[in-house]
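This report concerns only the one structure given below.
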Amino acid sequence: MSNRKAKPLPLRIISAISAFMLIGALIYVSFAGFNVVAGSMMASSVLGLGVTSVIVSEGPLDMVLGFFEALFDGVMEVVGGILDFLSSLFG
């Protein structure tokens, strides 16, 4: 895995927003069912993660691995932000 600080800030922001949207859409689908809004959120989040991986990749395998790396980095950014907010409340 590459260093987190090696990626430009806009790409990290896009991956965090896309991962947050994907998590929200999956939670929405599990409770309310699949509809146009949830489908469009899932499609835009997957495209957001895909575009960032295609921009920084050098080959097809790097694109696929970059997609999952961007997904996991985005999830870690979201969870880290939530935990940082909670720790600042109680700390």
Side-chain angles (χ1 to χ4, degrees):
M1 278 222 183
S2 63
N3 189 5
R4 182 177 88 112
K5 299 292 182 184
K7 291 184 180 177
L9 183 63
L11 291 179
R12 288 190 1 223
I13 290 172
I14 290 173
S15 66
I17 290 172
S18 297
F20 185 69
M21 283 177 48
L22 187 61
I23 291 169
L26 290 174
I27 291 171
Y28 181 79
V29 165
S30 66
F31 287 115
F34 193 78
N35 59 13
V36 174
V37 175
S40 63
M41 281 181 62
M42 291 174 83
S44 63
S45 64
V46 169
L47 286 174
L49 291 171
V51 167
T52 58
S53 65
V54 169
I55 288 173
V56 297
S57 67
E58 297 175 357
L61 183 63
D62 198 24
M63 288 180 198
V64 173
L65 293 176
F67 175 80
F68 289 110
E69 182 180 357
L71 175 65
F72 294 134
D73 283 343
V75 169
M76 288 189 312
E77 290 285 336
V78 169
V79 171
I82 291 171
L83 292 177
D84 188 37
F85 173 73
L86 292 176
S87 68
S88 68
L89 283 178
F90 298 113

As an exercise, state the distance from [atom1] of [X] to [atom2] of [Y], rounded to the nearest 0.5 Å.
X   : Y   : atom1 : atom2 : value
S44 : L22 : OG    : CG    : 9.0 Å
L49 : I17 : CG    : CD1   : 11.0 Å
E77 : D84 : CD    : CG    : 11.0 Å

Self-check item: Nearest atoms (heavy-atom pairs only) where A38 meets V29
Solution: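 Residues A38 and V29, closest heavy atoms: CB-CG2, 3.5 Å.
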Practice problem: Could you pull out the closest heavy-atom pair between S15 and A70, with the gap in Å? | Solution: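 It is CB-O, 3.7 Å.
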Exercise. State, with a plain yes or no, whether a side-chain heavy atom of M42 is found less than 4.5 Å away from one of L26.
Key: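 Result yes, sub-4.5 Å side-chain heavy-atom pair found.
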Quiz item: Under 4.5 Å between any side-chain heavy atoms of V79 and M76, yes or no?
Solution: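 With C-beta onward as the side chain, the pair stays apart.
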[X] with [Y], same ILVMFWY side-chain cluster at under 4.5 Å:
X   : Y   : value
I82 : F90 : yes
V36 : M21 : no
V54 : V46 : no
L83 : I23 : yes
I55 : I13 : no

Exercise. Check the pair I14, S18 against side chain to side chain contact (heavy atoms under 4.5 Å, CB included), reporting the backbone distance first and the verdict last.
Key: CA-CA 6 Å; I14 290 173; S18 297; 4.1 Å; yes
Run the side-chain donor-acceptor check on residues 61-68: report pairs under 3.5 Å with partners two or more places apart or on a different chain.
residue: D62; atom: OD2; partner: E58; partner atom: N; Å: 3.1

